[in-house]
Amino acid sequence: MDAIETCDLTKKYKGLTAVDGLNLSVREGEIFSLLGVNGAGKTTTIKMLSCLTRPTSGNAFLYGKSILSDSQAVKNMIAVSPQETAVAPNLTVKENLELMAGVHSFSREKAGQKTKELSARFDLDQIAGKKAKKLSGGWQRRLSIAMALISQPQILYLDEPTLGLDVLARSDLWEMIRSLKGETTVILTTHYMEEAESLSDRVGVMKNGRLLFTGTPGEMKARAGTDKFEEAFIRLVKEEKQ
Ligand SMILES: Nc1ncnc2c1ncn2[C@@H]1O[C@H](COP(=O)(O)OP(=O)(O)OP(=O)(O)O)[C@@H](O)[C@H]1O
């Protein structure tokens, strides 16, 4: 079964069509990057898929559950790590993870167990007692992703996961994201083409609310007739008539 399937998904804001008849499928366990220049409709798509905003028309199904008629089931299977880091600055790393476990009403025992498990898995145990505000941007983002994983989501949305990070922090986060492959379906948005190429099983390119292309990074380069991914993206987006 596809993890996500959208059927003519559309969102209009007054005179503007932000997402225009999107038909997209994302396979279970893959890392799928949604690409597009500013205003292409990526965030609006993700907002609809997370039931944060209702489509004007069309529908989407997450593991067969409709965002329109089964939004509670959809919300239970997703987690989001937003662009603005979602950590509580004055709480420690451990407290942030426990707080998130509390949000999901885990028993104290389960909260402790999940906190331990995720801290160990993502090397957060060495900084468990540190306040989040004292962490570097890369570690804050790492914590934010670990917090999103507490509920064991089937689908994880990562919005610009390495925005503004230095090259080392970025490479560490890439490793973290790669480790989720096959376990959690990951949808990520990014403006860094190197990141999309390096992490994605498949990519989708949007422009003016429409999907121009879906396929592997290799297929995208072949389609655009270049061996450079960034160049392929530019060609695809520029070639499309306004
Ligand atoms: N709440 C809103 N009201 C009116 N217009 C909106 C609203 N949200 C988004 N838009 C418009 O919809 C279009 C798509 O926006 P969206 O944020 O989905 O694009 P994006 O691809 O995520 O861009 P970026 O890469 O800059 O984040 C844009 O023209 C934007 O101005």
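Positions are given from 1 along the sequence. None of these values were measured; they are calculated from a predicted model. First listed ligand is number 1; within each ligand, the first listed atom is number 1.
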Undergrad: So which of Asn38, Thr45, Val19, Thr190 gets nearest to atom 24 (P) of ligand 1, if we judge by its closest heavy atom?
TA: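 It is Asn38 that holds the nearest heavy atom.
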
Undergrad: Specify the protein heavy atom at minimum distance from atom 9 (C) of ligand 1: its residue, its atom name, and the distance to 0.1 Å.
TA: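 Going atom by atom, the protein heavy atom closest to atom 9 (C) of ligand 1 ends up being Tyr13 CE1, 3.6 Å.
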
Undergrad: Could you check whether atom NZ of Lys181 has more than 12 heavy atoms from other residues, nucleotides or ligands sitting under 6.0 Å from it?
TA: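 Enclosed: over 12 neighbouring heavy atoms sit under 6.0 Å from NZ of Lys181.
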
Undergrad: Output the list of atoms in ligand 1 that are nearer than 4.0 Å to some heavy atom of Leu16, sorted by atom number.
TA: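 Near Leu16, meaning under 4.0 Å from one of its heavy atoms, ligand 1 has 11 (C), 12 (O), 13 (C), 29 (O).
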
Undergrad: Can you report which non-hydrogen protein atom sits closest to atom 17 (O) of ligand 1, along with the distance?
TA: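 I find the closest protein heavy atom is Thr43 CB, 3.7 Å.
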
Undergrad: Verify the neighbour count for atom CD of Glu231: are there more than 12 heavy atoms of other residues, nucleotides or ligands below 6.0 Å?
TA: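 Atom CD in Glu231 is crowded, with more than 12 foreign heavy atoms closer than 6.0 Å.
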
Undergrad: Between Lys131 and Asn90, do the side chains contain an N or O donor and an N or O acceptor separated by less than 3.5 Å?
TA: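 Note: Lys131 and Asn90 side chains miss the donor-acceptor criterion.
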
Undergrad: Is atom 21 (O) of ligand 1 close to the protein, meaning a heavy atom under 4.0 Å from it?
TA: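 Neighbour list for atom 21 (O) of ligand 1 includes protein heavy atoms (cut-off 4.0 Å).
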
Undergrad: Which option out of Gly41, Gly209, Gly39, Ala40 puts a heavy atom nearest to atom 13 (C) of ligand 1?
TA: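 Selected option, by shortest heavy-atom distance: Gly39.
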
Undergrad: Quick one: look up the protein heavy atom nearest atom 18 (O) of ligand 1 and list residue, atom name and how far away it is.
TA: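 Residue, atom and distance for the closest contact: Thr44 OG1, 2.5 Å.
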
Undergrad: Between Thr17 and Arg210, is there a side-chain donor-acceptor contact under 3.5 Å, judged purely by atom types and distance?
TA: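 Judged by distance alone, the side chains do not pair up.
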
Undergrad: Show your reasoning for whether side-chain contact (heavy atoms from CB on, under 4.5 Å) applies to Tyr63 and Thr185.
TA: CA-CA 11 Å; Tyr63 288 95; Thr185 303; 3.4 Å; yes

Undergrad: Following the transitive rule for hydrophobic clusters with a side-chain heavy-atom cut-off under 4.5 Å over Ile, Leu, Val, Met, Phe, Trp and Tyr, establish whether Leu91 and Leu143 coincide in one cluster.
TA: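 Looking at the clustering, Leu143 is in a separate group from Leu91.
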
Undergrad: Determine whether any heavy atom of His191 lies closer than 4.0 Å to an atom of ligand 1.
TA: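 Judged by the 4.0 Å heavy-atom criterion, His191 does count as contacting ligand 1.
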
